[in-house]
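Structure first, commentary second.
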Protein chains: 2
Amino acid sequence: MKDLDIAEVSRRTGVPSSTLRYYEEKGLIASTGRRGLRRLFDPAVLERLALIALGRAGGFALDEISAMLMPDGLAKMDRGRLDAKADELDRTIQRLTTIREALRHAARCPAARPMECPTFRRAVRLAGAGRFEVAPIGSFKAEAVFVTRRKRKTGDIG
Amino acid sequence: MKDLDIAEVSRRTGVPSSTLRYYEEKGLIASTGRRGLRRLFDPAVLERLALIALGRAGGFALDEISAMLMPDGLAKMDRGRLDAKADELDRTIQRLTTIREALRHAARCPAARPMECPTFRRAVRLAGAGRFEVAPIGSFKAEAVFVTRRKRKTGDIG
DNA sequence: GCTTGACCTCAAGTCGGCTTGAACTCGTAG
DNA sequence: CTACGAGTTCAAGCCGACTTGAGGTCAAGC
């Protein structure tokens, strides 16, 4: 099958041509040539774009996706790294699940303030696992004890 | 208990003071006063920060969180909206789960290229449900048919 | 042959969520 | 009383993933 021109790729994928150019610039996809000025793409780019979309949906940065898409990128990515990624996703999923439950609960819980509801508090506690932890609350004297989550390259600011 | 000064809040929550000031500016938290120039906070701010962290973890924008934290914000948010949020999370969770599986599979699948593996292709297809769809692939002539996915602004999980 | 209009390039802008820098103000220790 | 250090303000910067705008080019249709 012939190469597709950028408009065609855009039409068939829903990805704006500006994005396609951007992806090309970043090395995520490659055009096979030009017709005049117009970029031409091998139809295989459609699959590649699907993979990119997949990665984005999974919360991966373009650079990471780029690495995985290199010839045998996924293959080269050792099992450890892939599993680490999967674990990362796993933790995210856990948190989101808890938050979802908290929301569903909040939707029908009669407590005046969410934090007065034990179910909600439990959700908060779970959702924060590994990030922060809300200690037992007496009547209404909250005490949130966060685990230091330094990560940003900065400490203090002037 | 006495009010906490900003450094104390920062220490106990791990949230940098620059962020605390930023949150105050955005109206997410309020300081109760000053000692000299220094902001003072009611200890309840710790709980509030926990909730904010929770919301952030759930992928909510600060503005949304802000709305939910208004006095009775959650209560005012009708069940429909809360459930909608939960559903949104649900879809995200589905996608992430599939992607996680795809990764785990890729970690040990022997296929030279991921797309040659039916399991992986299935994952791609599922992960994209509602966003794009990869049509049946004969031997190796991929054909990705995306559903138009106009509308930037979709909440990214982050 | 000329017009058209989609595509091209490059630079700059956008958005969210913060961070950082410069210049400044205090409460507190000495 | 003075110096210090940690706080303060305001404006600007940063990052990722794109989008937008201005000005230019060229294959195709008439």
Side-chain angles (χ1 to χ4, degrees), chain A residues 2-41 45 49 51-67 69 131 149-158, chain B residues 2-11 13-41 49 51-67 69 131 149-158:
Chain A
K2 314 217 160 331
D3 286 350
L4 311 169
D5 102 355
I6 191 173
E8 181 69 5
V9 174
S10 179
R11 195 185 63 68
R12 291 173 66 166
T13 61
V15 176
S17 37
S18 62
T19 303
L20 294 173
R21 281 188 287 267
Y22 176 69
Y23 282 176
E24 187 184 15
E25 192 183 314
K26 292 221 87 181
L28 281 150
I29 59 178
S31 51
T32 50
R34 303 278 180 125
R35 179 165 62 234
L37 285 183
R38 278 161 207 219
R39 283 165 178 77
L40 294 175
F41 294 95
V45 79
L49 285 168
L51 286 172
I52 294 172
L54 173 62
R56 294 284 300 121
F60 295 94
L62 291 183
D63 285 351
E64 294 177 302
I65 295 173
S66 176
L69 290 182
R131 289 172 71 112
R149 62 104 242 240
R150 290 284 66 160
K151 192 172 207 177
R152 297 267 177 200
K153 54 188 158 195
T154 303
D156 271 15
I157 20 193
Chain B
K2 311 211 162 341
D3 285 349
L4 310 170
D5 103 354
I6 192 171
E8 180 70 4
V9 174
S10 179
R11 195 185 63 68
T13 60
V15 176
S17 37
S18 61
T19 303
L20 294 173
R21 281 189 285 268
Y22 176 69
Y23 282 177
E24 187 184 15
E25 192 183 314
K26 291 219 90 181
L28 282 150
I29 60 177
S31 52
T32 51
R34 303 279 180 125
R35 179 164 61 239
L37 285 183
R38 278 162 206 222
R39 284 165 177 76
L40 294 175
F41 293 95
L49 286 168
L51 287 171
I52 292 171
L54 174 62
R56 294 285 299 123
F60 295 94
L62 290 183
D63 284 351
E64 293 177 304
I65 296 174
S66 177
L69 288 183
R131 289 171 71 113
R149 134 282 34 194
R150 286 288 54 176
K151 210 80 226 145
R152 207 85 271 299
K153 207 70 183 173
T154 30
D156 246 338
I157 49 100

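We name chains A, B, ... by the order of the sequence lines, and we start the count at 1 in each one. What you see below is based on every heavy atom in this structure, not just the backbone, and it leaves out hydrogens, waters and symmetry mates.
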The side-chain contact (heavy atoms from CB on, under 4.5 Å) partners of A:S17 (sequence neighbours excluded) come to A:I6, A:R21
All side-chain contact (heavy atoms from CB on, under 4.5 Å) counterparts of B:Y22, not counting sequence neighbours | B:K26, B:L62
Throw together a table of side-chain donor-acceptor distances under 3.5 angstrom for residues 33-40 of chain A, partners on residues two or more places apart or in other chains.
unit_1	atom_1	unit_2	atom_2	d
A:R34	NH1	A:L37	O	2.7
A:R39	NE	A:E24	OE1	2.4

Counting distance only, does the side-chain N/O of B:S66 pair as donor-acceptor with the main-chain N or O of B:L28 below 3.5 Å?
-> no
Measure the distance from [atom1] on [X] to [atom2] on [N] and round it to the nearest whole Å.
X	N	atom1	atom2	answer
B:E25	C:dG16	CD	P	14 Å
B:E24	D:dT9	CD	P	8 Å
B:R11	D:dG7	CZ	C1'	17 Å
B:I29	C:dC18	CD1	P	11 Å
B:L20	C:dG17	CG	P	16 Å

Roughly how bent is the helix from C:dG1-D:dC30 to C:dG30-D:dC1 end to end, in steps of 10 degrees, with each end axis from five pairs?
-> 20°
Check whether any side-chain N or O of [X] sits under 4.0 Å from OP1 or OP2 of [N], and answer yes or no.
X	N	value
A:T19	D:dT19	yes
B:Y22	C:dG16	no
A:S18	D:dC18	no

Partner set under salt bridge (charged side-chain N to carboxylate O under 4.0 Å, His left out) for B:E8, not counting sequence neighbours = B:R11, B:R12
Does any non-hydrogen side-chain atom of B:V15 lie less than 4.5 Å from one of B:V9?
-> no
Return the set of residues passing side chain to side chain donor-acceptor pair (under 3.5 Å) with A:S18 (not counting sequence neighbours), or none when no residue passes.
-> none
Given protein heavy atoms under 4.0 Å, the one-letter contact record of nucleotides 2-9 of chain C, with B base, S sugar-phosphate only and - none, is simply ----BSSB
